[in-house]
K.L.:
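Could you have a look at this structure, given as structure tokens, before my questions?
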2 protein chains.
Amino acid sequence: MTGDVLRLTELPPLRRDQVIERLRNAIIAGHFRPGDRLIERELCERMGVSRTSIREALRHLEAEHLIQVEPRRGPVVSRVTRKQVAEIYEVRALLEAALVRRFAETASENDITELRRIYGDLRSARATGEVPRIVAQTTRFTEHMMGAIEHELIGDMLRKLAARISVVRTLAIAVPGRLEESGRELAVVMDAIERRDGELAARSLTTYVQNAGEAALRRFDENEQAESGGRSSSRSALLSTSKSGVARK
Amino acid sequence: MTGDVLRLTELPPLRRDQVIERLRNAIIAGHFRPGDRLIERELCERMGVSRTSIREALRHLEAEHLIQVEPRRGPVVSRVTRKQVAEIYEVRALLEAALVRRFAETASENDITELRRIYGDLRSARATGEVPRIVAQTTRFTEHMMGAIEHELIGDMLRKLAARISVVRTLAIAVPGRLEESGRELAVVMDAIERRDGELAARSLTTYVQNAGEAALRRFDENEQAESGGRSSSRSALLSTSKSGVARK
DNA sequence: TGCCGTCATCTTGTATGACAGCAGTCAAGA
DNA sequence: TCTTGACTGCTGTCATACAAGATGACGGCA
């Protein structure tokens, strides 16, 4: 119905969209870090496109809150404030609870089986303690549910929120003791889903996200301290000097 | 804490931001209508700015989903699908419920008094049946709560969602019988707030939004029918020819 | 030694001009 | 009436240019 099967090249993808995507990924992956300035010319050279495309892409990322632009100073990778972190986790809890409730209640058996499989991978990842793998599998877990319930908006919002807290989130996973705790919480969620208990799934997932949020805030505070401590050699600092060669504030 | 009080001229506002604002308002106000093409040159001339600024503004609005861009065809004021309307009302219900719950539980007495005052204005507006006034007062009502609880994120999201459904929302208000029904629902909400019953406030507001959503969907369906009926003279059609002189699909 | 004002330099914000190439239109032709 | 091809309209990108704010270096002064 939509999209012609015989379509040739799908049309060359727009440069600006590619730029958006790559910059977004770079930020999420932590290649650029909060506070890094994004200098247009540099980006032009690195990506081999004109300033026009770069700037248009930047406007898009700005709207997503991934970068902030102070007039005449140019774009800077967003730093999130403590309050913002708290708010994001709060809203994420709401949306994800709605997501999981609906999934538990309406997903097909296949979707649930598949989720169980992903959950298995997630557990193995968690067992290794390798943070990047854990993040990846957790994303897959959520992403699968989003795909299944076909709620464009919730999916969209959750993805955007996740992007904004990618840094803190990564740090939060490694909070001592949190991995075990969250493991138990997730088990309850998975269990509720399999029993098709949407209400319980939603409630337990809310708890999970709330606790994750608290862990994130704890990390956040530690980081603030470390920063005001001035020991800029502290490599774990959220806002430490970028390795990407980009100027900083 | 944020923003320097001593700042001189606040700096001349950026052109692109002004463009964003004006276009957004124009869309929300219905001056441009869903499906209208936004032709860059035209916008340049009308607003007296260069294509550069226009295009950057468009990228921003695109990220807000207020416009959609089909590659090489350019921007078009977003048409919302039925599904999107449903999803938006769903999420709006979630967020607004959280908002009102928190307001009921934590707002100062002054804030509540003020809300009651606004509620009074809202009631008078509703009594007249003048849709634009009703919309304005309803917005004030929500906006007041958003200001009081200081939850940037929820406020931001609700505003963006509201923008996306501004057209449908306007139509929905005039659904026969809905005005009375919603009046009663709102009364319950206001009452719950004054009694500081966050739970009840949230629940009743959820009902209110859900019903509003159903009304909106009903209107939406009527519109679709009217449209496929082909009688393009039907002036109430959601997608009728724009009066703004802008080309259409 | 430490603070201040000045100047050179870097960057952004915005405007212009150009141009290739997709899209939609319309008239000529079958 | 349907098909084809030429024509025109716009978008997507690039290259340039330039004023003005932001930054950083430097030398003078206390």
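Numbers restart at 1 for each chain; the letters A, B, ... are given by sequence-line order, proteins then strands. Quick caveat: nothing in here was measured; it's all calculated off a predicted structure.
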K.L.:
Strictly below 4.0 Å: does B:S50 bring a side-chain N or O up to OP1 or OP2 of C:dT14?
P.N.:
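The answer is no; no side-chain N or O of B:S50 sits under 4.0 Å from OP1 or OP2.
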K.L.:
Tell me, yes or no, whether the heavy-atom count around A:R24 atom CZ, taken from other residues, nucleotides or ligands under 6.0 Å, exceeds 12.
P.N.:
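Check passes, neighbour count above 12.
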K.L.:
For residues 136-144 of chain B, dump all side-chain donor-acceptor pairs below 3.5 Å to protein atoms at least two apart in sequence or in another chain.
P.N.:
residue, atom, partner, partner atom, Å
B:Q137, OE1, B:R140, NH1, 2.8
B:T138, OG1, B:I134, O, 2.6
B:T139, OG1, B:V135, O, 2.8
B:R140, NH1, B:D121, OD2, 2.9
B:T142, OG1, B:T138, O, 3.2
B:E143, OE2, B:R159, NH1, 2.1
B:H144, NE2, B:D111, O, 2.8

K.L.:
CZ of A:R51 versus P of D:dC18: gap in Å, rounded?
P.N.:
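My rounded result for the distance is 14 Å.
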K.L.:
Can you tell me if A:H60 and A:E64 form a side-chain donor-acceptor pair at under 3.5 Å?
P.N.:
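Per modelled atom types, A:H60 and A:E64 side chains form a pair under 3.5 Å.
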K.L.:
Can you see if the side chain of A:R15 gets near the phosphate of D:dC14 - specifically, an N or O under 4.0 Å from OP1 or OP2?
P.N.:
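Indeed, a polar side-chain atom of A:R15 lies that close.
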K.L.:
It should be established whether A:R41 places a side-chain nitrogen or oxygen under 4.0 Å from OP1 or OP2 of nucleotide C:dC10.
P.N.:
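For A:R41, the contact criterion (side-chain N or O under 4.0 Å from OP1 or OP2 of C:dC10) is not met.
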K.L.:
Considering only NZ, NE, NH1 and NH2 on the basic side and carboxylate oxygens on the acidic side, decide whether B:K83 and B:E87 come within less than 4.0 Å.
P.N.:
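Yes, this pair counts.
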K.L.:
Return no unless some side-chain N or O of A:T52 is found under 4.0 Å from OP1 or OP2 of D:dG12.
P.N.:
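It does not, given that no N or O in the side chain of A:T52 lies less than 4.0 Å from OP1 or OP2 of D:dG12.
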K.L.:
Counting heavy atoms from C-beta on, name the nucleotide in C:dG24, C:dC22, C:dT14 closest to the side chain of B:R72.
P.N.:
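Nucleotide nearest to B:R72's side chain: C:dC22.
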K.L.:
If the cut-off is 4.0 Å, is A:R55 near the phosphate of C:dG13, judged by side-chain N/O to OP1 or OP2?
P.N.:
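It does, given that an N or O in the side chain of A:R55 lies less than 4.0 Å from OP1 or OP2 of C:dG13.
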K.L.:
Send over the distance from A:R37 CZ to C:dT11 P, rounded to a whole Å.
P.N.:
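Going from A:R37 (CZ) to C:dT11 (P), I get 7 Å.
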K.L.:
Nearest whole angstrom, please: distance from the P of C:dG13 to the CG of B:D17.
P.N.:
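Checked: the CG to P distance equals 9 Å.
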